[in-house]
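Everything below concerns the one structure shown next.
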There are 4 protein chains.
Amino acid sequence: MFKNHLTFFKGAVSLPTQTFFNLPEEKKNRIIRAAIQEFAAYSFDQASIAHIIENAGIPRGSFYQYFNNLKDVYKYIINLAGEQKIKYFQETVPQFEGKGFNFFSALRDLCTAGFQFALENPELLAIGNNFIKETNKSLRDEILGEQLPKAQNFYETMLHKGIELGQIDPHIDPHIATLFIGAWSTAFTELYLAELKNLAHDNPEDVCALLTNKQFQQKIDQMIDLLVNGLANKPFSTVSE
Amino acid sequence: MFKNHLTFFKGAVSLPTQTFFNLPEEKKNRIIRAAIQEFAAYSFDQASIAHIIENAGIPRGSFYQYFNNLKDVYKYIINLAGEQKIKYFQETVPQFEGKGFNFFSALRDLCTAGFQFALENPELLAIGNNFIKETNKSLRDEILGEQLPKAQNFYETMLHKGIELGQIDPHIDPHIATLFIGAWSTAFTELYLAELKNLAHDNPEDVCALLTNKQFQQKIDQMIDLLVNGLANKPFSTVSE
Amino acid sequence: MFKNHLTFFKGAVSLPTQTFFNLPEEKKNRIIRAAIQEFAAYSFDQASIAHIIENAGIPRGSFYQYFNNLKDVYKYIINLAGEQKIKYFQETVPQFEGKGFNFFSALRDLCTAGFQFALENPELLAIGNNFIKETNKSLRDEILGEQLPKAQNFYETMLHKGIELGQIDPHIDPHIATLFIGAWSTAFTELYLAELKNLAHDNPEDVCALLTNKQFQQKIDQMIDLLVNGLANKPFSTVSE
Amino acid sequence: MFKNHLTFFKGAVSLPTQTFFNLPEEKKNRIIRAAIQEFAAYSFDQASIAHIIENAGIPRGSFYQYFNNLKDVYKYIINLAGEQKIKYFQETVPQFEGKGFNFFSALRDLCTAGFQFALENPELLAIGNNFIKETNKSLRDEILGEQLPKAQNFYETMLHKGIELGQIDPHIDPHIATLFIGAWSTAFTELYLAELKNLAHDNPEDVCALLTNKQFQQKIDQMIDLLVNGLANKPFSTVSE
DNA sequence: TATGAATGAGAATTCATTCAT
DNA sequence: TATGAATGAATTCTCATTCAT
């Protein structure tokens, strides 16, 4: 999940105890909100159970009736976030079906949706960002391992379709392209976060206007253009022949 | 330093105490090795002094005669790694001087050198990777702040030269291009690490042959091609016009 | 508090955690006793959490569930001691109200009560003594700052009343008089401690008889006489005119 | 020594090693100065060998060739300070010999000399102050025990002479009077230090004028007057009869 | 189940003193 | 003797997890 703002996995591993699920909605949500807040603010290693129970307003002992340990809450939250993201995309992005599919316009749609989601769920974006940076290898692998099977990489699906329809250079190894798009997308997220911070400084109230902001739109276009056409000044490019 | 495997800074902040520098080479190296090992395996927050002194085989108190705290060793090691990398590149990569400069072939040289360095110093690569992911903002800024002035971003230099010589599309915003190359470089590192792991599984002894390995060479070429020409199947690309 | 054995403040700053206050009386008292013992025996800087938890028979971690650090226990104990002293005096010393007030007899009452209190609470006396000697200025100021607002300096109150009623030489600067009484009081405490030690040597069991001891009573009278009439053999005193 | 700024002991216990005394004057003085500085700034418990060697500019190991431990330096310095004070007084204060002796004017002379000394040797005053506040009982006793035999309490000598010459109320127990004068003197020191601090704030350059400052002279006179004649408004004092 | 107190394993750091050269 | 590195005991503080009610 969250290799970047446009990648995600679908997962449904049930880690909290049954006791947790039996909780009244309000309390359950308080706990979830506190956990989201915690993992948005801190990496897994810096997150603490103490913070979560304090923000959720539940007793220490209760925590252990709902989860085995911090890792389990983490997995649960990562999972939840992934589900929300998938749900959002499924509702928002036109499914890449039918003949009308165009890889590059679909890409732009996906980007826009991604930024929209990030705008509406800044904490989930932060959680994703923290997860990407997670260096605890065994934790990473454990989470990815559990979720990868159900992962649904929109990019990969799109890519294959694009190749199929001849919109993408057929010489390109799809695996490498996927890797590249992933990194490209992460860089995009960084750009987005940097812009957000600037806007927040200058004009906190119209952060929401970011997406319709002309300059930012131009940057999006440039990034997409780079991905599509590369760096080369076309007449001069020679290396890759 | 280490925004990715091809970016680095030159730095010379001296943080260990004089006592440390007075130590016999052998002992000093033992400590440095232990620290490198630690920061290669763990992020700054997960690294522990206990591990370092245990691996270096020095008593608890001695550590504090050499460094003030973990942060100081970290800075020292990051610095050392940066210096080694710069030294390596200066010795290996043909300086981009004179008329003969070609952005794309220079890029390939840089990549090859980067992989070579990573192959010879896998732990330094790991340290760099961990640093990129560092989420402790104040620590990041502190280290970058101390080293940025002396930073030397090869990509940026090259990019400007490439634009100057008309080898790169002049419409591209250099800032975004830098971001783009950064993403590309990160993807490259991931690719490299994945290959390494495969090789290590299959044929641990010829890891060193990776760079001359034909398949890997093809992948490098593909990556460069992606960067240069983009994804589009040229006759069909339309979006960015 | 405790500028000397007859001065004190009233304070009610609550520093321990709620957890501490929830503890069963017996355990709470064990901890309080251990802390009192510690601060009676050692100055703040020499006191150690290790001693307290050992004497209280609680585990290391528990201490930190009750207090944030040594300073907080210290403040709490100083405060407790102050409250006990005030309570004692309020119950024992006739309030200096009404016309019948006589500075000098009130002083004697106060002294007697002070010695009585010290006798019954030798550890609190020791704590007060250690606090007076506290050289850590910021700690002093912090504690005094928190408690001064509620401070009730019996001497000063009495002094002003004595001046008002013409019982004290009107030429005397009240500030200096306060200083003077402070010194006198300190000397008194020293005298008292010395006597206590002697008695303890000779006849440990009748320490309690100290106050009714005739010789000691005479010493008290002498001290008061010194304060009231000074050293001079009256007909000969000349210096201060 | 140093029960207050007018009390002191003479002592000559030689605690440093012979090696120390063999040192060239300059180096020896550097060490002494560093130690004085340290004990003026910190109480014994807070003082550290590290500070001293740093300020003296001597290596760690050397310290232990000159002294066994911190306590020994402390004793040595306390001793040195005492000797300096005695020397100063012997040179400055008219010896209380002959018929012309008057307790009260001698007292004023002593005070003035004491303040003068304090002004010229603020660090020694600070050391004395710190020693008075020393709560480490065994250390106190050890130092006092070693030095008391040779102690020379000017007050006590004077007092006896004053009684002898009928200048002091013969009913007064000399022991109690000594105790009282001691505390009085300490209070005096506090007053002096407070004034010093005020002056330092207002007019740092004329701190030296403090002693000739009229207001301060009046305070001295009031303090002496209180000691001589007591608090009572003479016609009304009744208690002590 | 809910609660919140109990616990102890670690982590960092300090510093006096000893030791080797 | 001079030097400065070596050492480890002591101290504070944190926190996940267990336990008793």
Side-chain angles (χ1 to χ4, degrees), chain A residues 17-20 22-23 27 45-53 57-73, chain B residues 17-24 27-28 45-53 57-73, chain C residues 17-24 27-28 45-54 57-73, chain D residues 17-20 22-23 27 45-54 57-73:
Chain A
T17 61
Q18 189 54 47
T19 310
F20 175 75
N22 293 341
L23 247 32
K27 188 171 189 178
D45 288 300
Q46 289 182 298
S48 94
I49 291 175
H51 286 162
I52 295 176
I53 61 175
I58 59 165
R60 239 194 153 60
S62 297
F63 179 89
Y64 288 91
Q65 302 233 282
Y66 309 146
F67 303 95
N68 290 316
N69 48 38
L70 195 65
K71 195 164 76 180
D72 279 6
V73 211
Chain B
T17 62
Q18 188 55 47
T19 305
F20 176 75
F21 290 116
N22 293 341
L23 249 33
K27 187 171 193 175
K28 213 160 55 189
D45 287 302
Q46 289 184 290
S48 100
I49 291 175
H51 287 160
I52 295 176
I53 61 176
I58 58 168
R60 198 151 268 290
S62 294
F63 178 89
Y64 289 94
Q65 294 224 306
Y66 310 146
F67 304 94
N68 289 316
N69 47 42
L70 195 65
K71 193 166 78 178
D72 279 7
V73 212
Chain C
T17 62
Q18 189 55 47
T19 306
F20 176 74
F21 290 117
N22 292 342
L23 249 33
K27 187 170 192 178
K28 211 160 56 189
D45 286 303
Q46 289 183 290
S48 99
I49 290 174
H51 286 162
I52 295 176
I53 61 176
E54 191 179 358
I58 58 168
R60 197 153 270 290
S62 295
F63 177 88
Y64 289 94
Q65 294 226 307
Y66 310 146
F67 303 95
N68 289 316
N69 48 39
L70 195 65
K71 193 165 78 179
D72 278 6
V73 214
Chain D
T17 61
Q18 189 53 46
T19 310
F20 176 74
N22 293 342
L23 248 32
K27 187 171 189 178
D45 288 301
Q46 290 182 296
S48 94
I49 290 175
H51 286 161
I52 295 177
I53 62 175
E54 191 182 0
I58 59 165
R60 242 197 148 61
S62 297
F63 179 89
Y64 288 91
Q65 303 232 281
Y66 310 146
F67 303 95
N68 290 315
N69 48 38
L70 195 65
K71 194 164 76 180
D72 278 7
V73 211

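Basis for what follows: all heavy atoms, side chains included, without hydrogens, waters or symmetry-related copies. Per chain, numbering begins at 1; letters A, B, ... match sequence-line order.
- Extent of DNA chain F lying under 4.0 Å from chain D heavy atoms, first and last nucleotide in 5' to 3' order, is F:dT1 to F:dA5.
- Looking at heavy-atom distances under 4.0 Å, D:Lys71 makes no contact with the nucleic acid at all.
- When base pairs are accepted only as Watson-Crick or G-U wobble with both N-N or N-O distances under 3.5 Å, DNA chain E takes part in stems of 3 or more pairs at E:2-21 with F:2-21.
- Each of C:Gln65 and B:Ala50 lies near DNA chain E, and the nucleotide nearest C:Gln65 is the one positioned closer to the 5' end.
- Backbone-only engagement by A:Tyr66 is indicated by non-hydrogen atom pairs under 4.0 Å involving sugar-phosphate atoms exclusively.
- Partners of A:Phe63 according to the ring pair (Phe, Tyr, Trp, His ring centres under 6.0 Å) rule, which considers only residues two or more places apart in sequence or in another chain, are A:Phe67.
- Rounding to whole angstrom units, CG of residue D:Leu70 and C1' of E:dT14 are separated by 15 Å.
- Between the base of E:dA9 and the side chain of C:Arg60 there is no donor-acceptor pair shorter than 3.5 Å.
- Computed from coordinates, the A:Asp45 CG to E:dA11 C1' distance equals 15 Å when rounded to whole Å.
- Atom CD of D:Glu54 is separated from atom C1' of E:dC15 by 14 Å (rounded to the nearest Å).
- Within 4.0 Å of B:Thr19, counting heavy atoms only, lie sugar-phosphate atoms of the nucleic acid but no base atom.
- Across all strands, A:Ile58 comes closer than 4.0 Å to no nucleic acid atom at all (heavy-atom distances).
- One finds a side-chain N or O of B:Tyr64 lying less than 4.0 angstrom from the OP1 or OP2 phosphate oxygen of E:dT13.
- Comparing B:Ser48 and C:Phe63 along DNA chain E, the residue whose closest nucleotide (by nearest heavy atom) sits nearer the 5' end is C:Phe63.
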